[in-house]
Amino acid sequence: MVSLTIDGRPVKVKKGTTILEACEFLGIDIPTFCHLKQLKAEGSCRMCVVEVEGARNLQISCATPCAEGMQVHTRTERVVSFRRLVIELLLANHDTNCFSCPATGRCKLYQYAMEYGVEHSRFAKYKPHHPKDESSEFFNYDPSKCILCRRCVRVCNNLQANHTLSLKNRGPDTWVGLPFDKLFKDSNCVSCGNCVSVCPTGALTAKAGKSYRIWEVTKTRTTCPYCGVGCQMDLLVKDGQVVGVEPAEGGANPGILCVKGKWAYHFVNHPDRLTTPLIRRDGELQPATWDEALDYVTQGIQKIKEESGPDAIAGFASARATNEENYLFMKMMRAAVGTNNVDHCARL
Amino acid sequence: MTNSIAEVVDADAVLVIGSNTTEAHPVIGAQIRQAVGRGAKLVVAEPREIPLAQDADIFLKIKPGTNIALLNGLMHVIIAEGLYDREYVENRTEGFAELQEVVEDYPPERVAEICGIDPEDLKAAARLYAKAEKAPIFYAMGVTQHSSGTAGVMSIANLALLCGKIGKYGCGVNPLRGQNNVQGACDMGCLPGDYTGYQKVANPEARAKFEKAWGVKLPEQPGLTVTEAVQAIEDGKVRCLYIMGENPLLSDPNLNHTEEMFKKLDFLIVQDIFLTETAELADVVLPAACFAEKDGTFTNTERRVQRIRRAVPAPGEARADWEIVQEVMLRLGYENQADSPEEILAEIASLTPSYGGISFDRLEREQPQWPCPSPDHPGTPILHVGRFSRGERALFKPAHYLPAAEQPDDEYPLILTTGRILYHYHTRTMTGRNEDLNRISGRSFVEINPADAAKWGIESGARVKVESRRGEVVVDALVTDRVDAGVIFMPFHFGDGAANRLTNDVLDPTAKIPEYKVCAARVERY
Ligand code: SF4
Ligand code: SF4
């Protein structure tokens with residue numbers, strides 16, 4: 001363990017803990033653009049700088065480990081003016097037409113610019129932007145909003161391990177692009193959307209991104225309804241409708257999802273959903289009340305049970321229903337119907 | 001899975017067999033690729049050149065249905081070259097002599113012949129796996145969905161045991177379960193011979209325990225599996241089916257037969273979120289809430305119990321499955337005490353040792369992997385450490401390779417194998433509602449090798465008729481050398497051009513899994 005103070009507050013942390021992590025533990029907010037918890041720190045955006053007594057330069061908190069006796073200050077004038085400079089440099093080349101940007105409200109550049117009182121950039125715009133790529137079925141890419149934090153590149157290469165995105169060119173000409181300047185739809189992109197999930201600005205945004213502002217949605221932590229990996233995710237809900245999905249960190253998923261978990265939520269609010277019980281009358285399935293339907297079900301079961309015994313009834317439970325529902329279903333078959341004819345489609 | 005997903009990124013070598021991981025379990029596929037990026041060696045054994053094959057150090061493009069020959073061949077090489085873990089075999093296993101005797105018959109040249117691979121690749125793969133310290137095996141339906149599926153699963157366990165790779169970090173045998181809560185449905189006793197946590201119906205003590213807890217007399221005879229139940233409709237033994245959230249009329253093999261059987265039923269109850277192919281035949285349909293509209297838990301493929309939470313209201317009058325079942329039980333004269341998912345989970349925990357320490361309250365903070373017998377038990381990331389469920393020692397269960405039940409012949413010269421694609425899930429009741437996914441992949445297709453395509457005058461994009469002894473469908477052709485000559489592949493997701501009109505419903509004698517992965521077929525221009 002090492003002991004240090006941050007903004008005058010003493011704290012003990014495990015050896016190897018970064019200053020950023022120690023701040024997080026204390027609930028001290030440090031701004032970051034490039035930081036990605038799941039990956040080794042890059043320290044490229046320099047937004048997270050802090051002042052450490054005795055050190056000549058400002059230290060990058062995401063990549064500096066805590067040391068015994070360290071005295072850290074997170075909001076000195078020097079720190080604040082450096083962060084302002086970072087924001088101004090990014091803003092210089094950023095398309096600030098925020099009115100039409102799907103990221104409005106969740107954009108970190110916007111948020112920090114407000115917080116640090118940056119309204120204009122002293123620096124002149126220094127490069128033309130690469131064209132937009134709206135070829136993906138699921139998301140859009142607008143390079144004029146990119147701040148080169150490289151989160152998307154690192155997620156695509158190091159977590160999704162798909163190697164679609166990379167930094168191209170050098171110096172002021174640097175941009176995030178695809179091999180041979182392909183469009184997303186013609187590339188090896190698997191549409192996992194993990195690059196979109198981590199973009200701190202409006203450079204990579206969901207196609208449906210304009211349908212909600214971040215302050216209009218609530219988030220509910222849940223488990224993906226598709227395959228057996230069991231990724232953790234947050235459902236974004238606006239007015240009782242699922243409008244998006246964000247990856248969360250779970251035991252099985254290091255903050256990433258696949259194309260199904262990320263985008264295939266439209267079935268939830270789909271007009272084809274069944275909304276009322278149906279009973280077959282005169283050969284047609286016709287709407288019925290719950291009372292009618294439930295009586296119909298139980299009378300049907302009871303009649304067959306009386307005529308042919310409980311083993312003439314079989315129940316298929318669901319590999320998609322919850323544990324609790326499956327438990328209750330098998331209990332129904334065994335305890336209420338009286339047969340062990342209960343199985344599910346695991347084999348199929 | 002005996003081990004945890006996250007361990008794979010630390011692996012030295014990974015063996016993937018019968019699993020198209022990056023498409024069917026993409027986030028595990030990504031983590032396998034992360035491991036490769038860090039220097040792990042990858043061996044992939046599959047009849048198709050799946051995306052993961054491109055990352056593989058050794059890709060064994062085996063003929064469909066030859067897994068057991070391959071696994072026996074690997075073990076043959078490992079024993080012949082003295083690469084197995086002697087100490088482990090001596091101290092923790094039984095039946096090595098029997099294993100040796102069986103795999104003796106599988107020298108590399110013979111296996112290469114059966115599987116259609118290079119014997120040197122087989123040897124290299126065996127060495128890679130045996131010598132690696134941390135080497136997990138991942139497998140999926142490509143191993144299980146065969147008439148010899150159970151033997152295939154055991155052969156995988158034999159291989160891991162032989163190399164001392166069970167009960168160790170970064171190793172294990174890791175079946176990837178297809179659907180989100182298959183693991184949970186099994187754990188919950190939705191099996192004809194098991195109560196929760198695999199407590200056997202045939203065991204009088206277990207039965208007495210549940211009789212006492214539920215306050216009723218329980219039937220003694222184990223029941224019928226899904227596939228057996230469908231067969232039993234034929235002779236009138238099963239007259240009523242109650243189906244909750246499944247769509248067998250697209251997922252069952254030999255669909256034409258299944259459909260015929262379903263029409264013979266006296267009473268069909270279907271409870272689902274959409275009017276599926278199966279619901280359309282029902283006498284009564286009960287509208288259910290989907291995962292986003294209810295509370296509960298799912299258990300993933302690594303035995304981790306995780307919450308789902310209600311985020312939106314259910315549409316119209318739809319109700320959660322548990323509420324509906326509760327109502328039906330009440331009307332059948334059985335009143336449940338538990339009255340919420342939280343209370344039901346508490347009842348499960350009280351009756352199921354492996355879930356004993358799991359509660360809604362705890363799941364807010366952590367998501368343990370079962371067995372988790374008590375509230376202070378941390379859960380079990382790795383099974384069989386130091387001890388197997390049957391005792392100190394695990395038993396080798398060697399099996400000989402048996403060809404698939406149906407082999408190509410003059411009339412049906414091709415082998416049809418089926419599987420999943422990235423953009424759809426199961427019978428598409430959910431993913432099929434996404435227009436973007438449908439634009440990427442909206443129609444059934446058949447993959448066919450250029451040589452075969454030339455033989456039958458088929459071009460990519462052309463409509464072709466695919467036929468087996470059980471049915472025929474018309475789909476788009478995709479000419480590709482992803483499949484070898486003599487083999488064709490179809491995804492099973494699509495209702496129009498359903499692969500399962502063709503598949504063979506012959507069953508594995510133990511697990512009763514149908515042989516989806518191999519049947520004889522023919523194609524012609526349509
Ligand atoms: S969607 Fe996924 S694969 Fe495609 S560029 Fe983004 S991270 Fe890479
Ligand atoms: S996000 Fe993809 S990999 Fe994860 S559980 Fe869902 S379907 Fe499976």
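Every chain is numbered from 1, with letters handed out A, B, ... down the list of sequences. When reading the values below, keep in mind they use all heavy atoms of this one structure, side chains included, and skip hydrogens, waters and symmetry mates. In this text the structure is predicted, and so the values were computed from the model without any measurement.
Interface remark: of the candidates B:C290, B:A314, B:G184, B:C290 forms the most heavy-atom pairs closer than 4.5 Å to chain A. Contact count against chain A (heavy-atom pairs under 4.5 Å) is highest for B:P341 among B:G432, B:G215, B:P341. Ranked by non-hydrogen atom pairs under 4.5 Å with chain A, the options B:F210, B:Y334, B:W322 are led by B:W322. The candidate with the highest count of non-hydrogen atom pairs below 4.5 Å against chain A, out of B:D436, B:V238, B:T301, is B:D436. Taking chain A as the reference chain and counting heavy-atom pairs below 4.5 Å, the highest number among B:M1, B:Q183, B:E280, B:Q367 is found for B:E280. When each of B:A318, B:G149, B:G296, B:P315 is scored by its heavy-atom pairs under 4.5 Å with chain A, the top score falls to B:P315.
With hydrogens and angles ignored, the 3.5 Å screen pairs no side-chain donor or acceptor of B:R331 with any backbone N or O of A:V297. A donor-acceptor contact shorter than 3.5 Å is absent between the side chain of A:E324 and the backbone of B:E342. A donor-acceptor contact shorter than 3.5 Å is absent between the side chain of A:D343 and the backbone of B:T225. Using modelled atom types, no side-chain atom of B:R239 and backbone atom of A:I313 make a donor-acceptor pair closer than 3.5 Å. Side-chain atoms of B:K237 do not come within 3.5 Å of backbone N or O of A:A312 as any donor-acceptor pair. Within the 3.5 Å criterion, the main-chain N or O of B:G223 finds no donor-acceptor partner in the side chain of A:N340.
The contact between A:T220 and chain B is made entirely by side chain atoms (from C-beta outward), counting heavy-atom distances below 4.5 Å. Only the backbone of B:E23 has a heavy atom closer than 4.5 Å to any heavy atom of chain A. With a 4.5 Å cut-off on non-hydrogen atoms, A:K331 touches chain B through its backbone and its side chain both. Interface residue A:D295: backbone and side-chain heavy atoms are both found under 4.5 Å from chain B. With a 4.5 Å cut-off on non-hydrogen atoms, A:T339 touches chain B through its backbone but not through its side chain. For A:D234, no part lies under 4.5 angstrom from a heavy atom of chain B. Contact of A:V342 with chain B is made through backbone and side chain together, with heavy-atom distances under 4.5 Å. Proximity to chain B involves both the backbone and the side chain of A:N253, based on heavy atoms less than 4.5 angstrom apart. Both the backbone and the side chain of A:L294 come within contact range of chain B, each with at least one heavy atom under 4.5 Å from a heavy atom of that chain. With a 4.5 Å cut-off on non-hydrogen atoms, A:N158 touches chain B through its backbone but not through its side chain. Contacts between A:C192 and chain B at a heavy-atom distance below 4.5 Å are absent for every atom of the residue. Only the backbone of A:L257 comes within contact range of chain B, judged by heavy atoms closer than 4.5 Å. When heavy atoms are compared at a cutoff of 4.5 Å, A:Q241 approaches chain B solely by way of its backbone atoms N, CA, C and O. Using a 4.5 Å cut-off between heavy atoms, B:A232 makes no contact with chain A at all. Contacts between B:Q271 and chain A at a heavy-atom distance below 4.5 Å are absent for every atom of the residue.
Checking A:Y327 against B:E347 by side-chain atom types alone, a donor-acceptor pair falls below 3.5 Å. With no hydrogens or angles considered, no side-chain donor-acceptor pair links A:K260 and B:N434 at under 3.5 Å.
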**Residue pair B:F267, A:Y296: steps toward the ring pair (Phe, Tyr, Trp, His ring centres under 6.0 Å) verdict** = CA-CA 10 Å; B:F267 198 48; A:Y296 195 70; 5.6 Å; yes
**Prompt:** Going through the distances and angles, do B:D283 and A:R281 end up as a salt bridge (charged side-chain N to carboxylate O under 4.0 Å, His left out)?
**Reply:** CA-CA 8 Å; B:D283 295 291; A:R281 292 186 180 113; over 6 Å; no
**Step-by-step side-chain contact (heavy atoms from CB on, under 4.5 Å) determination, A:V229 to B:N300** = CA-CA 6 Å; A:V229 179; B:N300 80 350; 5.6 Å; no
**CA sep, side-chain torsions, deciding dist, call: B:L332, A:Q302, side-chain contact (heavy atoms from CB on, under 4.5 Å)** = CA-CA 8 Å; B:L332 288 172; A:Q302 250 143 1; 4.0 Å; yes
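For the residue pair B:Q306 and A:G251, the shortest heavy atom distance occurs at OE1-N, 4.5 Å. Minimum heavy-atom separation, B:A185 to A:A319: CB-CA, 4.3 Å.
Rounding to the nearest 0.5 angstrom, the gap separating the CZ atom in A:R320 from the CG atom in B:D321 is 11.0 Å. Of the inter-residue distances, the one linking A:N326 atom CG with B:M188 atom CE reads 8.0 Å to the nearest 0.5 angstrom. To the nearest 0.5 Å, the span separating CH2 on A:W290 from CD on B:E317 amounts to 8.0 Å. Rounding to the nearest 0.5 Å places OG1 of A:T222 at 10.5 Å from NZ of B:K294. Taking OG of A:S318 as the reference point, atom CG of B:N247 lies at 10.5 Å (rounded to 0.5 Å). The distance from the CG atom of A:N323 to the OG1 atom of B:T297 is 3.5 Å, given to the nearest 0.5 Å.
Annotation: cation-pi geometry not satisfied between A:R334 and B:W214 (NZ/CZ under 6.0 angstrom from ring centroid, within 45° of ring axis).
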